[in-house]
Asker: 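Below you will find the structure I want to go over with you.
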Amino acid sequence: MENCGGMDLAATLDCGQAFRWQANGAAWHGIVENRSVTARMEGDALILEGASETDRDFWVHYFALDVDYPALLEKFCSGNKRLAECVRWNPGIRVLRQPFFETLCTFIISQNNNIPRIKAIVERLCTGLGQPLEGGGYGFPSAETLAALEPEDLAFLRAGWRAEYLIDAARRVAGGQIDETALRAMPMENARAVLCTIKGVGPKVADCVLLYSLSFWKAFPMDVWMKKAMCQLFPRGVPVSCRGHEGIAQQFIFDYARHHLPSGQKQKSARKMHAKQSSGN
DNA sequence: CTCCAGGGGTTCC
DNA sequence: GGAACCCATGGA
């Protein structure tokens with residue numbers, strides 16, 4: 001795939017928006033749904049080894065190669081100085097469009113959790129219940145597969161209370177109460193409200209699904225942690241010139257904050273800020 | 001031992 | 001409406 005607009009594979013695949021990519025030198029191996037692939041950059045071209053030609057559209061969509069990122073970044077840079085700083089910090093990071101059900105499940109698993117353990121649980125989930133693929137590895141289990149199980153059946157995940165949430169999510173998706181096509185057709189606020197009816201899905205998980213799977217690049221409310229970074233970067237609010245692309249801005253800001261704020265300080269300052277917000281003004 | 005990791009549900013007031 | 005506390009796991 002040519003002309004990837006300066007995409008940085010490592011930054012994109014290892015920033016915490018996807019959990020099944022594994023670095024192998026400069027290449028990255030990943031499984032998305034039931035497609036196993038090894039990705040690497042040659043200049044500005046994305047090389048996908050092991051991808052069938054018929055899956056080309058799938059990967060273009062997944063990597064959002066149809067989005068003119070250079071133009072978008074240019075808009076960010078000219079629109080706001082601090083946002084320009086974010087872009088300068090990591091110009092190659094991209095917001096993926098991941099399959100709906102696996103995004104929902106991986107972010108349910110992500111709650112009150114850390115990335116290495118999230119990855120480990122997701123791998124156990126796939127190895128235990130996913131379809132074995134030609135050439136090794138396992139696909140992501142279908143909603144139907146999970147829906148037929150009980151929370152106790154997921155004990156092998158060692159995911160704690162999240163097992164119950166996964167089963168509920170699977171049953172709602174398999175039963176059609178949660179429908180990806182319908183969600184995409186809704187205004188973002190309605191889609192978020194529907195996602196939040198799943199047990200174990202709150203504003204944070206819902207927003208991750210909206211951003212990383214459903215491509216809602218609209219006014220994006222930030223969770224407490226994000227707000228901290230946002231307030232540092234945009235003390236007077238997100239500039240109007242950037243409206244409509246806050247989702248992408250959020251990804252930049254997230255990455256910026258991850259590298260610039262000392263890890264121990266994040267929670268503390270977020271809490272302090274939360275307290276300040278709720279008590280004062 | 002305690003703390004905490006990219007939350008959310010429940011139970012209080 | 002929002003604060004406090006609970007939830008399981010595993011690493012630091």
Side-chain angles (χ1 to χ4, degrees), chain A residues 11-21 86 89-90 93 95-96 98 102-125 128 149-172 178 192-213 220-233 246-281:
Chain A
T12 300
L13 299 178
D14 204 31
C15 69
Q17 62 175 319
F19 300 99
R20 293 204 73 190
W21 290 95
C86 294
W89 177 259
N90 202 334
I93 198 166
V95 178
L96 299 170
Q98 303 179 62
E102 80 178 60
T103 307
L104 177 60
C105 289
T106 53
F107 279 96
I108 285 173
I109 292 168
S110 84
Q111 68 169 250
N112 194 234
N113 211 343
N114 56 70
I115 290 178
R117 194 163 83 102
I118 295 164
K119 287 183 174 174
I121 292 171
V122 169
E123 277 323 292
R124 285 193 289 271
L125 176 64
L149 302 177
E150 298 298 328
E152 308 86 82
D153 298 326
L154 296 185
F156 73 96
L157 293 181
R158 285 170 283 157
W161 70 83
R162 303 170 191 86
E164 182 194 341
Y165 300 161
L166 288 172
I167 298 295
D168 185 59
R171 287 181 181 167
R172 310 277 311 265
I178 304 289
R192 179 187 293 110
V194 170
L195 287 169
C196 286
T197 64
I198 300 169
K199 191 162 204 173
V201 175
K204 171 67 196 321
V205 172
D207 283 353
C208 286
V209 174
L210 290 174
L211 176 59
Y212 299 130
S213 176
F220 219 83
M222 309 288 160
D223 65 29
V224 173
W225 193 88
M226 296 278 187
K227 267 185 199 157
K228 165 64 185 164
M230 284 298 284
C231 287
Q232 270 203 354
L233 293 164
E246 285 90 340
I248 298 173
Q250 181 184 1
Q251 183 63 38
F252 283 103
I253 291 157
F254 186 92
D255 192 67
Y256 177 93
R258 219 162 46 95
H259 287 88
H260 283 78
L261 300 178
S263 137
Q265 226 174 7
K266 288 178 205 162
Q267 277 276 335
K268 255 195 240 166
S269 40
R271 258 187 226 134
K272 207 196 297 177
M273 196 198 133
H274 189 256
K276 200 165 101 187
Q277 265 193 348
S278 47
S279 72
N281 303 12

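In what follows, chains are A, B, ... by sequence order, proteins preceding strands, each numbered from 1.
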Asker: Output the rounded distance in Å from CG (D168(A)) to P (dG9(B)).
Answerer: 10 Å

Asker: Once you round it to whole Å, what is the distance between C1' of dG8(B) and CZ of R192(A)?
Answerer: 15 Å

Asker: Taking atom P of dG6(B) as reference, at what distance in whole Å does atom CZ of F107(A) sit?
Answerer: 11 Å

Asker: Taking Q251(A) for its side chain and I93(A) for its backbone only, find out whether a donor-acceptor pair lies under 3.5 Å.
Answerer: no

Asker: Centre-to-centre under 6.0 Å for F107(A) and F19(A), is that the case here?
Answerer: yes

Asker: Please confirm whether the backbone N or O of A159(A) pairs with a side-chain atom of R117(A), one donor and one acceptor, at under 3.5 Å?
Answerer: no

Asker: Roughly how far apart, to the nearest Å, are dA8(C) and dT11(B) at atom P?
Answerer: 15 Å

Asker: Base, sugar-phosphate or nothing for P203(A)? Non-hydrogen atoms, less than 4.0 Å.
Answerer: sugar-phosphate

Asker: Between P on dT9(C) and CZ on R162(A), what's the gap in Å once rounded to a whole number?
Answerer: 9 Å

Asker: With a 4.0 Å cut-off on heavy atoms, is R117(A) in touch with a base, just the backbone sugar-phosphate, or nothing at all?
Answerer: base

Asker: Using a cut-off of 4.0 Å on non-hydrogen atoms, how would the nucleic acid contact of C15(A) be classed: base, sugar-phosphate, or nothing?
Answerer: base

Asker: Pick the P atom in dA4(C) and in dG6(B), then give their distance to the nearest Å.
Answerer: 23 Å

Asker: Rounded to the Å, how far apart are E164(A) CD and dG8(B) P?
Answerer: 15 Å

Asker: Keeping Q17(A) on the side-chain end and L96(A) on the backbone end, is there a donor-acceptor pair under 3.5 Å?
Answerer: yes

Asker: Would you indicate which nucleotide in dT9(C), dG6(B), dA8(C) comes nearest to any side-chain atom of R158(A)?
Answerer: dT9(C)

Asker: Spell out, as yes or no, whether a donor-acceptor pair under 3.5 Å connects the side chain of D255(A) to the backbone of F252(A).
Answerer: no

Asker: Measure the distance from CG on L166(A) to C1' on dG8(B) and round it to the nearest whole Å.
Answerer: 14 Å

Asker: Can a side chain N or O of K199(A) be found less than 4.0 Å away from OP1 or OP2 on dT10(B)?
Answerer: yes

Asker: Rounded to whole angstrom units, what separation is found between the CG atom of N113(A) and the P atom of dG10(C)?
Answerer: 10 Å

Asker: Could you give the CG-to-P distance, from L157(A) to dT9(C), as a whole number of Å?
Answerer: 11 Å

Asker: For G200(A) and Q251(A), take the nucleotide of DNA chain B holding the closest heavy atom to each; which residue's nucleotide lies nearer the 5' end?
Answerer: Q251(A)

